[in-house]
Amino acid sequence: MYGLVDCNNFYVSCERVFNPLLRNKPVVVLSNNDGCIIARSNEAKSLGIPMGAPLHLYKTLIEKNKIFIYSSNYTLYGDMSSRVMSSLNYFVPDMEIYSIDEAFLDLRKFNEKTISDKMFEIRQFVYQWTGIPVSIGVGPTKTLAKLANKMAKKHSPKGVYVLTMSEHLRNILSEIKLEDIWGISKGWANRLKSIGINNPFELQQSDPRQIRKLVSVVGERMVYELRGNSCLSLENIVDKKSITVSRSFGHMIDDKYNLKQALANHVARAAEKLRSQDSLCGEICVFINTNRFRKKDLQYNNSGILPFDDLTDNTNIIMKKAFKVLDRLYRPNYNYKKIGVILLDLKQRKKDVTNNDYIIQDNLFTYNKNHKNIANTSDIHMKILDDINTKMGKMTLFYGSQGVVKHSERKQIEKDKWRMRSFYRSPFYTTNWADILRVS
DNA sequence: TCTGGGGTCCTAGGACCC
DNA sequence: TCTGGGGTCCTAGGACCC
């Protein structure tokens with residue numbers, strides 16, 4: 001089983017820890033420049049304030065109901081987040097920090113019968129140690145755990161909900177919307193509806209290959225996940241693959257000097273982030289935007305990328321390059337609203353990637369050194385995988401593609417082969433293709 | 001007047017190699 | 001008039017997430 005822990009109204013809860021007077025009162029937290037409402041207490045939610053609402057549209061409602069307003073304090077939230085995460089880690093060693101306020105737990109070593117009690121206990125301790133209330137959803141896959149968490153927030157006053165494969169789950173899936181499933185948003189929901197799939201239950205019952213054609217392997221995985229077949233394992237991604245720092249301006253800016261000033265701040269911050277994760281970057285991207293909400297203004301949105309001669313984490317070097325890009329991008333006579341920098345092509349300074357750790361991308365299942373799951377592949381390789389399966393005692397599902405005529409199909413085969421090769425690079429099997437073919 | 005910021009993954013298809 | 005077969009690497013753009 002997997003668990004998903006989600007902090008309730010996280011930013012608001014953080015503010016409440018340090019100001020208990022805010023308890024049971026309506027509270028909202030604002031974005032940069034106090035522009036949007038990005039967190040709401042339950043009380044504020046029930047007053048009808050939507051997520052991401054522009055503050056100016058709700059001024060009267062806020063004043064009328066005496067809603068408390070806070071500018072965001074990310075340093076505080078970051079600190080509170082790590083306290084919550086280390087509390088969880090105390091109980092569950094295998095976990096994945098998914099976002100600032102969410103973590104997946106690997107509960108497979110826990111006794112299923114007592115899992116619910118255990119979750120209550122964890123929840124209680126986290127609150128005691130950090131002051132942050134959390135909800136915990138438990139399910140056979142990450143996708144179902146995510147759903148269980150939603151159920152916990154909605155229907156369970158004690159904040160814990162355990163979902164198992166049952167008639168009950170079937171009923172739930174029939175009653176909720178496609179968009180309630182993690183990974184499905186409006187665009188995909190519409191596509192699914194266009195082929196007659198109207199709710200998650202129908203998605204669960206559908207032909208995975210058909211879904212793959214419609215919404216890629218990501219959608220195909222969802223089908224299996226909804227059936228209780230785990231396709232997504234816990235990931236311990238500590239290092240970011242790209243680092244962005246950007247801000248909107250409080251006022252419009254049209255001169256290069258001020259843009260440069262802002263860019264300099266962002267670059268310094270980005271370089272700090274880069275060094276704090278011990279990475280080097282190979283490329284820099286700078287982007288500038290005018291105010292997209294002012295339809296009458298002339299619009300100009302552009303970005304530029306430049307490589308570094310050598311990988312670097314040096315602020316000065318990055319800064320010079322950033323200015324160079326800005327020189328190319330800048331056009332006079334526009335009112336600029338936003339500028340940002342993205343560090344790309346990040347590499348680890350310390351190479352601690354072991355040869356045993358093979359992650360296969362672009363497939364249904366991921367396989368790694370923990371053998372949590374196994375990769376899928378084409379029919380051509382079915383027997384080989386079957387053999388591996390027998391030896392490893394794991395379940396495999398297959399996605400087939402045969403015939404090499406069209407370009408796209410060739411690509412498919414190519415990918416399958418690539419997967420297989422990665423597979424055989426694992427410590428358990430030969431890298432010799434002759435051997436592989438003999439097995440099949 | 002005022003409208004956030006920071007990420008990841010997947011796919012098709014082009015460039016290029018033997 | 002015909003125009004192989006197999007393979008790697010890269011990128012833009014489009015999804016999705018919190």
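A note on names: the letters A, B, ... follow the listed sequences, proteins ahead of strands, and every chain is numbered from 1. Everything quoted here is computed from the prediction, not taken from an experiment.
Protein atom CG of L346(A) is 15 Å distant from nucleotide atom P of dG6(B), rounded to whole Å. Taking atom NZ of residue K295(A) and atom C1' of nucleotide dT3(B), one finds them 11 Å apart after rounding to whole Å. Between the CE atom of M222(A) and the P atom of dC17(C) there is a distance of 7 Å, given to the nearest Å. Straight-line distance from the CG atom of D34(A) to the P atom of dG5(B): 12 Å, rounded to whole Å. Taking atom CD on E220(A) and atom P on dA15(C), their separation rounds to 19 Å, with Å as the unit. In this structure, N33(A) places its CG atom 11 Å from C1' of dG5(B), rounding to the nearest Å. Here dG5(B) presents its C1' atom at 11 Å from CE of M51(A), a figure rounded to the nearest Å. Rounded to a whole Å, the CG atom of D297(A) is 12 Å from the P atom of dT3(B).
The phosphate of dG5(B) (OP1 or OP2) has no side-chain N or O of R269(A) nearer than 4.0 angstrom. Within the 4.0 Å cut-off from OP1 or OP2 of dG5(B), not a single side-chain nitrogen or oxygen of T244(A) is found. At dG7(B), none of the side-chain N or O atoms of S99(A) fall inside 4.0 Å of OP1 or OP2 (strictly under the cut-off). Within the structure, every side-chain polar atom (N or O) of K59(A) is placed at least 4.0 Å from both OP1 and OP2 of dT1(B). Applying the 4.0 Å criterion to OP1 and OP2 of dT8(B), one finds that K240(A) has every side-chain N and O outside that range. For K146(A) and dC18(C), the shortest distance from a side-chain N or O to OP1 or OP2 is below 4.0 Å. Within the 4.0 Å cut-off from OP1 or OP2 of dG5(B), not a single side-chain nitrogen or oxygen of S246(A) is found. Between R191(A) and dA15(C), a side-chain N or O to OP1/OP2 separation shorter than 4.0 Å is present.
D313(A) and R275(A) are not joined by a salt bridge, as no carboxylate oxygen comes within less than 4.0 angstrom of a charged side-chain nitrogen. K256(A) has a carboxylate O that lies under 4.0 Å from a charged side-chain N of D327(A), or vice versa, which qualifies the two as a salt bridge. Using a 4.0 Å cut-off between charged side-chain N and carboxylate O, K347(A) and D345(A) make a salt bridge.
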Side chain to side chain contact (heavy atoms under 4.5 Å, CB included), that's the test. Do L203(A) and I184(A) meet it? Break it down for me. CA-CA 11 Å; L203(A) 179 62; I184(A) 301 185; 3.7 Å; yes

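Residues D101(A) and S99(A) have side chains that bring a donor and an acceptor to within less than 3.5 angstrom of each other.
Both L55(A) and V218(A) lie near DNA chain B, and the one whose nearest nucleotide falls closer to the 5' end is L55(A). Ranked by how close their nearest DNA chain B nucleotide is to the 5' end, R294(A) and V245(A) are led by R294(A).
The separation of dC17(C) from dG4(B), taken at their C1' atoms, amounts to 15 Å, rounded to a whole angstrom.
If you check dG5(B), dT3(B), dC9(B) against the side chain of R247(A), the one that comes closest is dG5(B). Closest to the side chain of K338(A), out of dC17(C), dA15(C), dG5(B), is dG5(B). For W188(A), the listed nucleotide lying nearest its side chain is dA15(C); candidates were dA15(C), dG4(B), dG7(B). Picking from dT8(B), dC10(B), dC18(C) the nucleotide with the shortest atom distance to the side chain of W182(A) gives dC18(C). In the set dG4(B), dC10(B), dG5(B), the nucleotide with an atom closest to the side chain of R221(A) is dC10(B). Considering only the side chain of S216(A), dT11(B) comes nearest among dT11(B), dC2(B), dC18(C). Of the candidates dC9(B), dG6(B), dC18(C), dC18(C) carries the atom nearest the Y98(A) side chain, counting heavy atoms from C-beta on. Side-chain proximity of K273(A) to dA15(C), dG7(B), dT3(B): nearest is dG7(B). In this structure, of dC16(C), dG4(B), dT3(B), it is dT3(B) that holds the atom nearest to the side chain of K337(A). Listed nucleotides dG4(B), dT3(B), dG7(B) differ in distance to N291(A); the shortest reach to its side chain belongs to dT3(B).
Between W129(A) and F91(A), the gap from one ring centroid to the other is short of 6.0 Å. Annotation: F104(A) is in aromatic contact with Y98(A) [ring centroid separation under 6.0 Å].
Here S242(A) lies in heavy-atom contact (under 4.0 Å) with sugar-phosphate atoms only. Nucleic acid contact for I184(A): sugar-phosphate only, since backbone atoms but no base atoms lie under 4.0 Å from a heavy atom of the residue. Residue contacts shown for L30(A) are absent, as no nucleic acid heavy atom lies under 4.0 Å away. Contact annotation for D101(A): backbone-only contact, meaning every heavy-atom pair under 4.0 Å involves sugar-phosphate atoms and none involves a base.
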